[in-house]
Amino acid sequence: MRIVFDIGGSVLIPDNIDVSFIKKLSYELIKVSEDHEVAIVVGGGKTAREYIKVATEFNASETFKDYIGIQITRANAMLLIAALRERAYPQVVEDFWEAWRAIQLKKIPVMGGTHPGHTTDAVSALLAEFLGADLLIVVTNVDGVYTDDPKKNPNAIKIPKMKAEELVKLVSESVEKAGMSTVIDPLAAKVILRSGIRTYVIGKEDALRMFDVVKGDHRGTIIEP
C-alpha cells in the first residue's frame, strides 16, 4: 500500500521542540515503511503563523507571507529527515516528481510547502493524488474532524465517519489566507473528493501508534470517497 502522511507543524513542533515525540513518531513511520511505500508532508504550525503575523506588520503581501511559511515547513521537514535517518531521502523534496523518484529508491520523501496559495494539507492531498496513494493520513492537533472548532466551542461534536462531500461542505467557509489553520483546508478537501482518496484524520496520541492506524484502528475520523 502507498500512504501519504500529512503531519501538522503544531503536532511536530508545538511551543517547544518535543524531541521524545519526534523520536517516537519517526520510529512508527519507519516501522510502517517496512511494509508500505511512504511519503510525508510536514506543516509549518505555530512557528510559521508567528512569522507570518510579524510579516503582516511590515505590510508583506499574502504571497510573500506564503513564501515565509514554505521556508518554515521545509525547516520542519529537515528536522524529521534527521530523525528518520537513512530511511529518509536525504534532502527536502520540493516537487512531486522528485517524491516519486525517492520512492523508487526505496526512501521516504519528506516535503514541506511547494507553492504560494497551497497549504501543506493541499500539498499532501495533491501528492497523494499524483502518487496514486491508497491512503492519506492527516495528523493534526485535534483528534479528528469536529462539527466546529473544539478548542473554541465545547459543544463541538467529533464526526467518526463522513463522506468527502460532507468534508468539503464543512470547510467551505474557511478564509483562505496565509497561515490559515483548519483541520483540513478547502483545497485539500476538494482534492480528496475528486480523487476518491480514503483519508484518516487523527490526533497526536494516535500518531504514536501509526502501525495500528494504517490498519484502521484509531480514534479519529474516517473520510470515505
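In what follows, every heavy atom counts, from backbone to side chain, and hydrogens, waters and symmetry copies are set aside. Residue numbers run from 1 in the order of the sequence given.
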Any donor-acceptor pair under 3.5 Å from T199 side chain to I197 backbone: yes

No-hydrogen, no-angle side-chain donor-acceptor test under 3.5 Å, T56 and K65: yes

Pair E86 + K107: basic N to acidic O under 4.0 Å: no

Under 3.5 Å donor-acceptor, R101 side chain and F96 backbone: no

Close side-chain approach of V138 to Y200, heavy-atom, < 4.5 Å: no

Heavy-atom donor-acceptor pair, D18 side chain to I13 backbone, under 3.5 Å: no

Salt bridge present between D134 and R2 (N-O < 4.0 angstrom): no

Flag if over 12 foreign heavy atoms under 6.0 Å of CD, E205: no

Backbone N/O of V93 and side chain of E98: donor-acceptor pair under 3.5 Å: no

Test item: T221 side-chain N/O and V201 main-chain N/O as donor-acceptor pair under 3.5 Å: no

Donor-acceptor contact below 3.5 Å, side chain R198 vs main chain P225: no

Charged N-O contact under 4.0 Å between D217 and R209: yes

Test: E166 and K163 ion pair at under 4.0 Å: no

D121 side-chain N/O to A188 backbone N/O, donor-acceptor pair under 3.5 Å: no

S10 side chain to R49 side chain, donor-acceptor N/O pair below 3.5 angstrom: yes

Under 3.5 Å donor-acceptor, T140 side chain and V142 backbone: yes

Passing option when F5 is tested against L25, L135, I108, V32 for side chain to side chain contact (heavy atoms under 4.5 Å, CB included): V32

